[in-house]
Structures are given as C-alpha cells and as structure tokens.
Amino acid sequence: MQKTQTYIPALGYDFLTAYYDLAIKLTMPEKKFRRLLVDIIKPNSNEKILEFGFGTAQNLLLVKKECTDVDLQGVDIDPKVKEIAAYKIKKNNLPIPLDLYDGVTLPYGNNQFDKVYSCLVFHQLDAETKIKCLKELFRVLKPNGKLIIADWGEAANILMRLTFGLVQILDGFKTTNDNVRGLMPNFIERAGFDNVFIANSINTAIGTFSYFTARKNEIIKVDFQKNRWHSAS
Ligand SMILES: C[S@@+](CC[C@H](N)C(=O)[O-])C[C@H]1O[C@@H](n2cnc3c(N)ncnc32)[C@H](O)[C@@H]1O
C-alpha cells in the first residue's frame, strides 16, 4: 500500500474526532437524514453493499439492522474512526467488516458491489479527489450497480447558503464550495455514471443536504466472433 493521502478527519481536526457523534446530534436532524439514506439505499438480502467513508459506523449499523442478511462492509481512510466504528460494531454484535485504504486505490477488485453509498464524505474532498474517488467507486460497482451519495448540496435559499458557512469554516472552503454551488451531479457524471438524480433534499440548520443517486450503466457490445452479447466491463 502506498503512503496514505492527506485527508480531513470526520470533524475537521483529529482531536475532535471523539466528539463527532455528539456534534452531528447537536447540529443535524440525525434520525431524519440517516433514515432517508437507508430508505434510498433499500438494502436487500441478496446484495453486496459498501459504505465509502464509514466514519463512526452510524450508517453501517442502521443499514445492517434494516436488513441483517445484507452483505455489508465499509472502507475509510482514517484509522482513528475505524477504532471507534469497530468498537460500536462489536458492541452491537453485528458482522460488518471494515477496511482502511490509502486514499488512492480501494482494496477491492472491479465489479464487486451492487450498491455503494457514502454520507458526508464528498464535501471533505477537493475537486481532484472527488473525481478520483468517484472513479474508484465506479470501478468497484457491478454493471448496473447503484451509487448513493448523501452530502451537502446546492443551497435551497439564502438562509441555507449563509448557515452553510459554519460547515465551511470547519471543513474548509476549498472542498465545500463545489457542493454548495450544486456541482455534485456534474462530478458524478464526469466519473462515468449515468442516470444522475437528486433523489431528495432537506434543509437543516447548517445547510441543504441532498441525496444523489446514479447508475454504472452496463455497456453492451456484440461479440460477432462468438456471436453473443456480453458486458464490456
Ligand atoms: C464527516 S465524516 C462522515 C462519516 C459517516 N459517513 C457519517 O455519515 O457520519 C467523513 C468521513 O470521510 C472519511 N474520509 C475523508 N477523506 C476520505 C477519503 N479520501 N476516502 C475515504 N474516506 C475519507 C473520514 O475519515 C470520515 O470518516
């Protein structure tokens, strides 16, 4: 594994990571936004699902409890959140494997997952990293696999734009500007995805939070020699 890329910890600074869950509880409608995410993921027992940037495992626990038979796993870049997440998963006695990676190449082969989701991760990535990570998610998704990203989106009104300033102060303007300008769908498309939609958006005390969905469309080629259809990927 090559040297881990630099990254922004869950709450902006490493020493604040231990307070991440409390901060989310105090600043966001946590039950509502995580419930909406699980509803959009719709985990199914025959599916293999990955959470990209699992943080303190709040979503992993909800998804696994929603569908205990789902083949669920998570990947993150920060060993500190992995420790917290592993502790909670063990406490709940749920089998959810957690991986760390270097921020460059996900530790999975091509076409592995039916669904990949992420929550509150992409506003912490600069433009170049957004694209690189989306391309990695595209690679590990199966053809016709579904991407679900819950994160800060285009501010619905001036109040949402102003209150989002708090997130920008904590996480930095460089990584959050593209989100609040409404550019997430554009990044997702540039990484190769199709059928990009904003499935829902909610206004919170600190900005407009959106749910982006997309598909890794299967490219069908005709193999004339073998005279049969097969997937290009
Ligand atoms: C704000 S937290 C969100 C955690 C969790 N998904 C949630 O919904 O509460 C952002 C997470 O993204 C992770 N992260 C930051 N940069 C990353 C990268 N390049 N690849 C994967 N995860 C990253 C952080 O370590 C952190 O766990």
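Along the sequence shown, residues carry numbers from 1. Read the numbers this way: they start at 1 and go in the same order the structure lists the ligands and their atoms.
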All ring pair (Phe, Tyr, Trp, His ring centres under 6.0 Å) counterparts of Y211, not counting sequence neighbours = F209
query = When you check the gap from the basic side-chain N to the acidic O, do K25 and D21 get nearer than 4.0 Å?
reply = no
Just list the side-chain donor-acceptor pairs under 3.5 Å for residues 156-170, sequence neighbours left out, or say none.
residue	atom	partner	partner atom	Å
N157	OD1	L159	N	3.1
N157	OD1	M160	N	2.8
R161	NH1	Q168	OE1	3.2
R161	NH2	Q168	OE1	3.2
T163	OG1	L159	O	3.1
T163	OG1	M160	O	3.3
T163	OG1	A205	O	3.4
Q168	NE2	T176	OG1	2.8
Q168	NE2	N177	OD1	3.0

Side-chain donor-acceptor contacts of residues 179-187 below 3.5 Å, not counting sequence neighbours, with atom names and distances?
residue	atom	partner	partner atom	Å
N179	OD1	K130	NZ	3.2
N179	ND2	W152	O	2.9

request  = Would you please write out the protein residues whose heavy atoms approach any atom of ligand 1 to under 4.0 angstrom, listed by chain and number?
outcome  = Y7, I8, A10, Y20, R34, E51, F52, G53, F54, G55, N59, D76, I77, D78, V81, Y101, C119, L120, V121, Q124, L125
message = I'd like to know if R139 pairs up with E136 as an ion pair, taking the criterion as any Lys NZ or Arg NE/NH1/NH2 lying under 4.0 Å from an Asp or Glu carboxylate oxygen.
response = yes
query = Looking at R215 and D194, does any basic side-chain N land under 4.0 Å from a carboxylate oxygen?
reply = no
